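Report on one structure; see the data block that follows.
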Amino acid sequence: MAMQPWFTDAKLGIFVHWGIYAVDGVQESWSFYDDVVPHERYMSQLERFTGARYDPKAWADLFARAGARYAVLTSRHHDGVALWDTAYGDLHLGKDYLGPYAEALRDKGLKVGLYYSHSDWNHPDYASTRKPGRPPEQEDNRYSEVAAEDEDPAAWERFIAYRDGQVRELASRYRPDLMWFDGEWERSEEQWRIPELAALVRSYVPDVVFNARMLGEGDYATPEQGAPVVPPQGPWELCLTINDSWGYQHHDHNHKSLAQLIRYFTETIGGGGNLLLDVGPMEDGTVPRPQVERLEGLGEWIRRHAEAVHGTVRGLPAGHHYGPSTLSADRRTLYLTLFDVPRAEIGVRGLATQVRRVRVVGSGTELGHRVVGGLHEAVGVLWIDPPSAADLDPYATVLAVELDGELELYRGSGRS
């Protein structure tokens, strides 16, 4: 199935980790799995969760101001607690939080994404089998697996029926544009019945997009937290937290600066990917102010440089320009990002297409440029005059290099 064009041009999505873990501000699911928080204490958050100020329209408005084109909400994390009134299992919040979310996003023209974990560490039938090939001496976690001699195929079939029932509810009720699966590492593709699960979702949403954690059915790569040095081939998405936590944690004030987030964003889209930037709403549904401020700041930067963001593809390979870049879809305009104040001319190596003009995105100021050197097929270096202080963006300045034809690059070693 061809990749949906909306995804590759979205550039920015918002990841929303919201669940009972926000009540005490503990790590989502892992805190009881790793015995950091007693299971009973973790689950007591279910009774103390209110969502009293949940306002999906305010979320959608914030995401749109941030320049996002889609959002992904944790419909059910590894703890098994559903954010909708599911008929499968009894771990849910007693009301439907997903319907208003999906409606609010679509009212703002945003695509609807739902996160769903394959694994469920609270389901009585989940810890009934092991991943094939897992060493028998490897320590078992009671929430996720059993010893080989205690495997129960019938219990696993009951779990798959429960999983299918919940996914059918998500697909039929909310018709998500994107299904973002997680927890795939605990079982094999065959155990998860991935082809059957994909067919189930597509029976309701034929053009749905899957992330790579749908294993053999995934549409795009999903690196997490670590920005790739060499971008993946094909469509991809970097999922990244604003501070150090996915869900809301009271003590975590280590927020990335707006400058850092703009750098992550420009480097990601320069490599042909999307940035899926995470927010962790508080228990009542409000997004913490530092995260709001960063989303709004990122949105302002994107609006100032929209032509270098949307309608572009991955830019120059490393070595041609010291910074990220994007390329217009017609391959006739190259957008160069500068993070620092230039102290001298800006050099671009290996540009074989002649340059018509160079301008600063936003101000429109034209910059002088010239090509120096070159021999036979080895092209010279394009030198661009540095923009004046008045034309510099406080976070990242973008130059539009307009070409006489489609971009061609020299990638050779020169005459020996």
Side-chain angles (χ1 to χ4, degrees), residues 17 19-21 26-40 42-43 46 74-84 86-92 114-172 179-204 208 210-219 221-222 224 246:
H17 276 69
I20 64 171
Y21 37 85
V26 296
Q27 187 179 13
E28 58 289 338
S29 305
W30 291 96
S31 54
F32 77 80
Y33 184 88
D34 291 332
D35 292 325
V36 175
V37 173
H39 183 266
E40 182 179 357
Y42 183 94
M43 295 310 298
L46 184 62
T74 49
S75 70
R76 201 216 71 195
H77 207 265
H78 316 317
D79 60 12
V81 180
L83 264 63
W84 77 101
T86 179
Y88 295 85
D90 55 5
L91 283 185
H92 55 81
L114 294 176
Y115 167 111
Y116 184 86
S117 175
H118 292 293
S119 56
D120 183 341
W121 295 331
N122 266 312
H123 194 281
D125 292 320
Y126 181 68
S128 59
T129 187
R130 297 169 64 87
K131 186 175 182 178
R134 183 165 166 76
E137 68 277 7
Q138 197 154 353
E139 184 177 348
D140 305 324
N141 187 295
R142 63 191 182 279
Y143 296 112
S144 63
E145 61 187 353
V146 292
E149 62 269 19
D150 295 326
E151 288 191 276
D152 184 347
W156 183 250
E157 291 301 321
R158 290 195 298 270
F159 175 77
I160 290 295
Y162 149 82
R163 188 277 314 269
D164 286 351
Q166 286 199 330
V167 171
R168 182 179 290 106
E169 288 179 332
L170 295 176
S172 62
M179 282 293 294
W180 209 103
F181 284 92
D182 197 10
E184 81 296 340
W185 66 89
E186 291 200 324
R187 301 289 187 269
S188 69
E189 182 174 347
E190 182 179 6
Q191 285 174 309
W192 289 128
R193 320 279 170 81
I194 292 294
E196 295 86 347
L197 182 62
L200 170 62
V201 178
R202 289 183 180 129
S203 70
Y204 295 98
V208 68
F210 292 129
N211 69 330
R213 298 174 195 188
M214 266 294 268
L215 302 175
E217 298 289 338
D219 295 304
T222 313
E224 179 177 332
W246 296 105

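Here, residue 1 is the first one in the sequence, and each next residue gets the next number. Remember, it's a predicted structure, so these values are computed and weren't measured experimentally.
Closest approach of Lys131 to Glu186, counting heavy atoms only: CB-O, 3.4 Å. The two atoms that bring Gln166 and Ala82 nearest to each other are NE2-CB, 4.4 Å, heavy atoms only. Here the closest heavy-atom approach between residue Pro132 and residue Gln191 is recorded as CD-OE1, 3.1 Å. Gly80 and Tyr162 make their closest contact through O-OH, 4.3 Å (heavy atoms, listed as atom of the first residue, atom of the second, distance). Between Glu217 and Ile194, the shortest heavy-atom contact is CG-CG2, 3.6 Å. Considering all non-hydrogen atoms of both residues, Val26 and Val37 come closest at CG1-CG2, 3.9 Å.
When only modelled atom types and interatomic distance are considered, Ser31 and Tyr42 share no side-chain donor-acceptor pair under 3.5 Å. The closest side-chain donor-acceptor pair between His78 and Ser117 falls under 3.5 angstrom. Judged purely by distance below 3.5 Å, without hydrogens or angles, the side chains of Tyr88 and Glu169 never pair a donor atom with an acceptor atom.
Between Glu157 and Arg193, at least one side-chain N (NZ, or NE/NH1/NH2) sits under 4.0 Å from a carboxylate O, which counts as a salt bridge. A salt bridge does not link Asp120 to Arg163: none of the charged side-chain nitrogens sits closer than 4.0 Å to a carboxylate oxygen.
Rounded to the nearest 0.5 Å, atoms CG (Leu197) and CZ (Arg202) are 10.0 Å apart. Distance check, rounded to the nearest 0.5 Å: CD of Glu151 to CD of Glu145 gives 9.5 Å. Note that the CD atom of Glu184 and the OG atom of Ser119 stand 8.5 Å from one another [nearest 0.5 Å]. To the nearest 0.5 Å, atoms CD (Glu28) and CG (Asp79) are separated by 9.0 Å. Between atom OG1 of residue Thr86 and atom NE2 of residue His92 there is a gap of 7.0 Å, rounded to the nearest 0.5 Å. With rounding to the nearest 0.5 Å, the separation of OG in Ser144 from CH2 in Trp185 is 9.5 Å.
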Legend entry - Verdict with reasoning, Tyr21 to Val81, per side-chain contact (heavy atoms from CB on, under 4.5 Å): CA-CA 10 Å; Tyr21 37 85; Val81 180; over 6 Å; no

Inset, instruction - Could you go through the side-chain contact (heavy atoms from CB on, under 4.5 Å) check for Trp246 and Gln27 one step at a time? - result: CA-CA 8 Å; Trp246 296 105; Gln27 187 179 13; 5.8 Å; no

Inset, instruction - Apply the test side-chain contact (heavy atoms from CB on, under 4.5 Å) to residues Leu170 and Met179: give CA-CA distance (whole Å), side-chain angles for both, the deciding distance (0.1 Å), then the verdict. - result: CA-CA 9 Å; Leu170 295 176; Met179 282 293 294; 4.2 Å; yes

Inset, instruction - For side-chain contact (heavy atoms from CB on, under 4.5 Å), just list the numbers for Asp140 and Arg130, CA-CA rounded to whole Å, side-chain angles, deciding distance to a tenth of an Å, and then say yes or no. - result: CA-CA 9 Å; Asp140 305 324; Arg130 297 169 64 87; 2.4 Å; yes

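By the side chain to side chain donor-acceptor pair (under 3.5 Å) test, Tyr115 is found to be paired with His77, Asp182, residues two or more places apart in sequence or in another chain being considered.
Checked against the 6.0 Å centroid threshold, Trp156 and Trp192 count as a close aromatic pair. If you look at Tyr126 and Phe159, their ring centroids are closer than 6.0 Å.
Using the six-membered ring where Trp is involved, His118 and Phe181 have ring planes that are parallel, under 30° apart on the 30 and 60° scheme. Using bins of under 30°, 30° to 60° and over 60° for the plane-to-plane angle, the ring pair Trp121/Trp30 lands in the perpendicular bin.
At most 12 non-hydrogen atoms from other residues, nucleotides or ligands lie less than 6.0 angstrom from CD of Glu190.
Side-chain atoms of Val167 and Leu200, non-hydrogen and from C-beta on, do get closer than 4.5 Å to each other. At least one side-chain heavy atom of Met43 sits under 4.5 Å from a side-chain heavy atom of Leu91.
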